[in-house]
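The structure appears right after this line, and notes come after that.
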Amino acid sequence: MIVRCSQYDFQVIERYWQDFWLKQKTFKAQEREAPKYYVLDMFPYPSGAGLHIGHPEGYTASDILGRYKKAKGFNVLHPMGWDAFGLPAEQHAITTGMHPAVNTEKNTENFRNQIQRFGFAIDWDREISTTWPSYYRWTQWIFLQLFKHGLAYVDEKPVWWCPMLETVLANEEVIGGKSERGSFPVERRQLRQWVLRITRYSDKLLDGLKDLDWPEATKRQQNLWIGRSSGGLIEFPVEGGDRSVAVFTTRPDTICGVSFIALAPEHPDVDFLTTDNCRAEIQAYRTSVTSKSDLERTDLSEGKSGTFTGRYVLNPLTGTRIPVWIADYVLPYHGTGSIMGVPAHDKRDFEFAQTYSLEIKPVLQSAQGTDTLPFCAEGVLIHSGDFSGLTSQKAQNKILEYLEKIGRGKKTVQYKLHDWLFSRQRYWGEPFPIVWVKQVDYHRIISCKNSPFKEFLPQEPVSYREKGEMWCALPLTTAHLPVQLPDISSFKPTKESPIPLQNAHKSWLNVKMNVQTGEVAAADGQLDEAWIEGTRETNTMPQWAGSCWYYLRYLSPHEENSFVNKQAEAYWGVPDFYIGGAEHAVLHLLYARFWHRFLFDIGILNTEEPFPKLFHPGVILGTDGSKMSKSRGNVVNPDTIIAQYGADTLRLYEMFLGPLEASKPWSVQNIEGVHRFLKKIWRLYVDAEGQISKKICDKEDCQKIQCLLDETIEKTSEDIEHLRFNTAISQLMIFINGVQKAAFISRQTAKKFLQLLAPFAPHIAEELWARFGESKSISEAQWPSLSENKWVQSQIKIVVQVNGKVRDEILVHTHATQDQIVQMAKVAPKVLPYLKRGTCVREIYVPHKLINLVVH
RNA sequence: GCUUGAAUGGUGGAAUGGUAGACACGCUAGACUUAGGAUCUAGUGCCGCAGGGUGUAAGGGUUCGAGUCCCUUUUCAAGCACCA
C-alpha cells in the first residue's frame with residue numbers, strides 16, 4: 001500500500017499516489033445527500049508550448065480549497081477540461097498540413113499529463129473538450145436557442161478585419177488598434193457577419209454585477225465596457241430645409257454654448273449636407289481619413305482636424321446659426337455619429353475650436369465663478385435664457401423636457417457595448433447549424449404544418465440579399481446535431497475563398513432537405529416535391545462560444561439528451577468558487593454571463609448568474625520581474641521544477657510566494673526553503689529504517705505542543721477560507737519548528753498535522769498518513785477540530801507603553817483587575833524613569849494586550 | 001490624460017488602529033563532518049561598544065496610540081483612452 005523508501009523520495013511517492021488516486025477514483029464526484037461545493041478553474045487552451053508555470057497557481061489554489069472543503073464534509077466537484085478550438089491549432093495546421101484535431105489531441109494529452117503530475121483532486125471522469133462533437137453539439141444547440149429567440153442575426157457592417165490573421169475580430173479582441181492575438185494591425189471592412197444581440201442584455205448584465213462577489217476592478221471593467229450613459233437625443237434643424245441633424249449628448253445643460261456641429265466623416269448624411277463649394281475639400285478630407293489606420297486616427301497626440309461642410313443648422317433652443325463640420329475625432333460607431341460642439345465645456349471640442357478659431361462661449365459657472373476653460377464639471381447655467389441660474393442637474397432635465405415638448409429632442413440611453421460579432425472565417429471552430437435557403441423555400445417550411453425545421457424557427461426570418469435573391473437562414477434541428485466539421489484538403493485561406501469551409505466537399509456544402517421529414521442529404525440535383533435545396537453557413541463560431549457554458553457541461557458531461565441534466569443542475573448549480581486570469585474580465589466573463597442569463601430567461605436554468613464568486617490569481621513574472629515570454633528567455637517550465645523538487649514543493653512554493661492575488665516574480669532560491677520544509681517533516685516523521693520515528697509516541701502532548709496544534713488548526717482553517725495560503729503555510733512551518741524543539745509529540749497530533757498539510761502537499765501527507773497504518777486516503781478524513789481540554793493559562797503578558805511607545809512588559813494573573821494591572825505597570829522597572837519626568841494623566845488599558853500610560 | 005490599486009530590511013513577504021519586520025530566502029559565526037551545495041545551533045532593519053536612539057516612499061493631520069484612517073506630493077503597476 002505504501003512506498004518503501006526511507007528517504008524523502010518524492011519522485012516515487014508522488015507517482016505512486018497520483019496513480020492511486022486515479023485508479024481508486026478518490027475524487028469522483030457524485031450527487032448525494034450532502035452540501036455541495038463546486039470549485040472551478042478557468043479551463044486552459046492546450047497550447048503546443050505546454051503548461052505554463054502560471055497555470056498551476058490557480059489550480060493549486062482551487063485544489064487546496066477543494067480538498068479543505070471535502071475534509072469539512074462538503075461534496076466537492078472539481079473538474080477539468082479543454083478550451084481547445086482556436087487560432088494556434090489552425091495556424092499549426094496551415095504550416096504543417098496536419099489536421100488541427102490531431103495536433104489538438106496531442107497537445108491535450110500533454111496538458112493532461114502535466115496537470116496530473118500536480119496531484120490535483122480532480123474528477124477526471126468529467127473531462128470535456130470544446131472540440132468534441134459530443135460537446136459542441138450542445139454549443140450549436142444553445143446557438144439555435146439564441147437564434148430562435150431573435151438574438152442571432154446577420155448584418156453587413158464594418159467589422160474589424162485583421163489581414164495577418166485573415167479573420168474578423170470582435171471589438172473585445174481589438175486592443176489599442178491591434179489584434180489581441182499577435183498584436184497585428186487591424187482595419188475596417190464591410191462583411192456579412194453573424195451577430196449576437198448582447199446589447200439587449202446591457203441593463204441586465206449591468207444590474208447583475210452588483211450582487212457578485214468579484215474583484216472590484218473586474219466589476220468596474222465590465223461596467224465601463226457596457227458603458228451606459230444617459231443623456232438626450234437632440235435635433236438641430238438644417239437651415240433652409242426640412243431635415244435635421246441628430247446628436248447624442250450627456251450634457252444637454254450646455255446646449256446654449258454649442259458653436260459647431262461635427263459629424264463623423266463616414267456619416268451617411270455628409271453628402272447631403274455638403275454644399276457644392278465645399279464638396280472638393282470634404283472629399284479630400286474623407287479620403288485622408290480613410291487612408292489612416294485606426295491607430296493613427298485615435299492617436300490623441302495628433303490633435304484635432306476637420307473640414308467645414310458649408311452648411312448651417314439652427315440651435316433648437318436659441319435659433320442661433322451653427323456651422324456643420326466633419327471631424328475624425330467623432331466616431332461613426334458611437335451614438336448618432338455626430339456631436340454638438342461645446343468648446344467652453346468639453347476638452348475635445350475646446351481643442352477643435354481653438355484649431356479652427358470657432359467661438360468659445362461659456363454657459364456654465366462653478367460656485368467660485370473663476371473657471372479656466374474648458375470647464376467640464378457641472379455648475380450653474382449662465383447666458384442660457386430662461387434656464388440661467390439652474391444647476392446642471394436640474395437644467396438637463398428641464399431642457400430635455402422642453403425639447404421634447406417642441407419635438408426636437410428626447411431622453412435616451414446609450415451604451416458603449418456593441419452587439420457581439422459571432423462569426424469567424426476559420427476552420428477550427430464550431431460550424432453553424434444553419435443552411436441558407438431561398439425565400440420561397442423558407443416560406444414552404446413556414447406553411448408546412450409539421451415541419452421538423454420549425455423547432456428553432458425565429459419569429460422574424462434572418463436574411464440577406466445577394467444578386468437579387470433573398471436568402472433566409474434555416475436552422476437545423478436538435479436531431480441534426482452535431483453539425484460536424486467536414487474534412488478539407490487545405491486549411492489555408494486563399495484570396496478566392498478566404499473562408500476555409502468554402503473548400504469543403506460539395507456534398508457537405510450543398511444539401512437538400514425534406515420539409516416534411518426533416519431529412520438532410522447531399523444535394524444531387526434531384527428534387528422531389530418535399531425537398532428544398534440550400535447551402536451551409538461556412539463561417540465558424542469564435543473561441544468564446546465553447547467557454548460560455550462549459551461549467552454547465554461538467555455537471556453531467558455524459559448526458560446525451562440535454563446540454564445539462566436537470567437533476568444534476570438542481571444539485572450542483574453554479575460554481576461556488578471560480579478562479580482564473582484577470583485577462584478575461586470583459587471577454588469570457590461577459591459572454592458567459594450573457595448566455596447564462598439568456599438560458600435562465602428561456603426557463604432552462606435555475607440561476608441568473610453563472611459565477612457568484614470570482615478570484616483572479618496574480619501573474620507569476622520572470623525572475624527579472626517582467627512578464628514571462630519566450631523572447632525574453634525567462635520562461636520557467638513546471639516539468640523541470642517537478643523533476644528537481646517534486647510537485648508538493650512546487651505547489652507549496654507557488655502558494656508561499658505571496659498573496660494569491662498579487663503579481664510576483666519567480667525566484668529559484670526561495671524554492672529551496674519550502675523544499676527544506678518538506679524534507680524536515682520527513683525526517684521528523686520517518687527514521688532511517690523507514691519506520692515512524694521514535695519522536696512520535698503514545699504519550700500525551702505537553703502543553704506547548706497542544707497549544708501550538710490548536711493555534712495551527714485555527715490559523716490554517718481561517719487562512720484557507722480567506723485564500724491566504726502564504727500565511728497558512730508559514731503557520732505550518734511554525735508548527736514544525738516547534739515540533740523540532742519538543743522532545744516528542746503524540747501520534748494523534750502528528751496525524752492531525754498531516755491533515756492540515758494535505759491540501760497543500762497532498763503526496764507527502766498521504767504517504768506519511770499511510771505509514772501510520774491508515775488504509776483510507778487522508779482526503780477521506782474529517783478536518784481536525786480544536787482539542788477539547790484547552791489549557792488554561794494562568795498568566796498573560798501585558799505590554800506597557802508610555803505615550804504610545806513600548807517600554808516594558810509585565811506578567812499578570814489572568815483574572816487581575818484593571819486597577820491591579822495599572823499599579824503593576826507603573827512600577828515596572830523600565831517605566832519608572834518616564835513616570836518621574838511628569839504626571840500620569842491617563843491610562844488606557846486594552847484587555848489582555850497592553851496598557852498605555854499618558855504622561856505629561 | 002483619466003480611473004483604480006500599490007509603496008514595509010539585502011530579497012519574497014507578516015501585522016482586527018494596539019509589541020513593525022511573523023514565516024522564508026540570503027548573509028555571518030559555530031557544531032557535526034574526509035567533505036558540505038546535507039543537517040543542527042546562534043545571530044541578522046539602520047545608528048551605537050553599550051544604555052539607548054531611530055525606522056513602514058516624502059511632507060502634514062486625526063488619535064492616548066498610525067504601516068494601517070484623512071489631506072498633499074513622488075514613484076510604480078493595471079485598466080481605460082477622443083464613447084460626446
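Just the heavy atoms: all of them, side chains too, but no hydrogens, waters or symmetry mates, feed the values below. Labels below follow one simple rule: chain letters A, B, ... track the order of the sequence lines, proteins then strands, and each chain is numbered from 1.
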Looking only at atom C1', what distance separates B/C25 and B/U44, rounded to whole Å?
-> 13 Å

Could you check how far NE2 of A/His675 sits from P of B/U39, rounded to whole Å?
-> 9 Å

Over 60° means perpendicular and under 30° means parallel, so classify the ring planes of A/Tyr333 and A/His418, tilted if in between.
-> perpendicular

Test for a donor-acceptor pair under 3.5 Å between the base of B/U19 and the side chain of A/Lys797, counting only N and O atoms.
-> yes

Confirm from the modelled atom types if A/Lys304 and B/C82 form a donor-acceptor pair under 3.5 Å, side chain to base only.
-> yes

Please measure how far the P atom in B/C27 lies from the corresponding atom in B/U75, and state the result in whole Å.
-> 35 Å

B/G67 glycosidic conformation (syn if within 90° of 0, otherwise anti) is anti

Heavy-atom pair of closest approach, residues A/Met340 and A/Ile255 | CE-CA, 4.0 Å

Separation between CG (A/Leu417) and CG (A/Leu590), nearest 0.5 Å, reads 6.5 Å

Using atom C1' of each nucleotide, how far apart are B/A7 and B/G52 to the nearest Å?
-> 30 Å

Are any of the side-chain heavy atoms of A/Ile339 and A/Asp346 separated by less than 4.5 Å?
-> no

Duplex segments of RNA chain B, taken as runs of at least three Watson-Crick or G-U pairs that stay under 3.5 Å = B:1-7 with B:74-80, B:10-12 with B:23-25, B:26-31 with B:39-44, B:45-47 with B:52-54, B:57-61 with B:69-73

Can you check the A/Arg220 CZ to B/U4 C1' distance for me, whole Å?
-> 5 Å

Between A/Arg683 and A/Ser338, whichever has its closest RNA chain B nucleotide further toward 5' is A/Arg683

Rounded distance in Å between the P positions of B/G18 and B/C69 = 11 Å

Pick the C1' atom in B/U16 and in B/G65, then give their distance to the nearest Å.
-> 16 Å

Under 3.5 Å donor-acceptor pair, A/Asn670 side-chain atoms to B/C25 base atoms | no

Rounded distance in Å between the C1' positions of B/A15 and B/U56 | 11 Å

Taking only residues two or more places apart in sequence, or in another chain, which ones meet A/Ala344 in a side chain to side chain contact (heavy atoms under 4.5 Å, CB included)?
-> A/Ile360, A/Pro362, A/Leu373

Report the distance from atom CH2 of A/Trp214 to atom P of B/U4, rounded to the nearest whole Å.
-> 21 Å

Taking A/His722 for its side chain and A/Arg724 for its backbone only, find out whether a donor-acceptor pair lies under 3.5 Å.
-> no

Rounded to whole Å, CD of A/Gln731 lies from P of B/A15 at a distance of 12 Å

For nucleotides B/U41 and B/C23, find the distance between their P atoms and express it as a whole number of Å.
-> 13 Å

A/Phe10 and A/His675, any side-chain heavy atoms less than 4.5 Å apart | yes

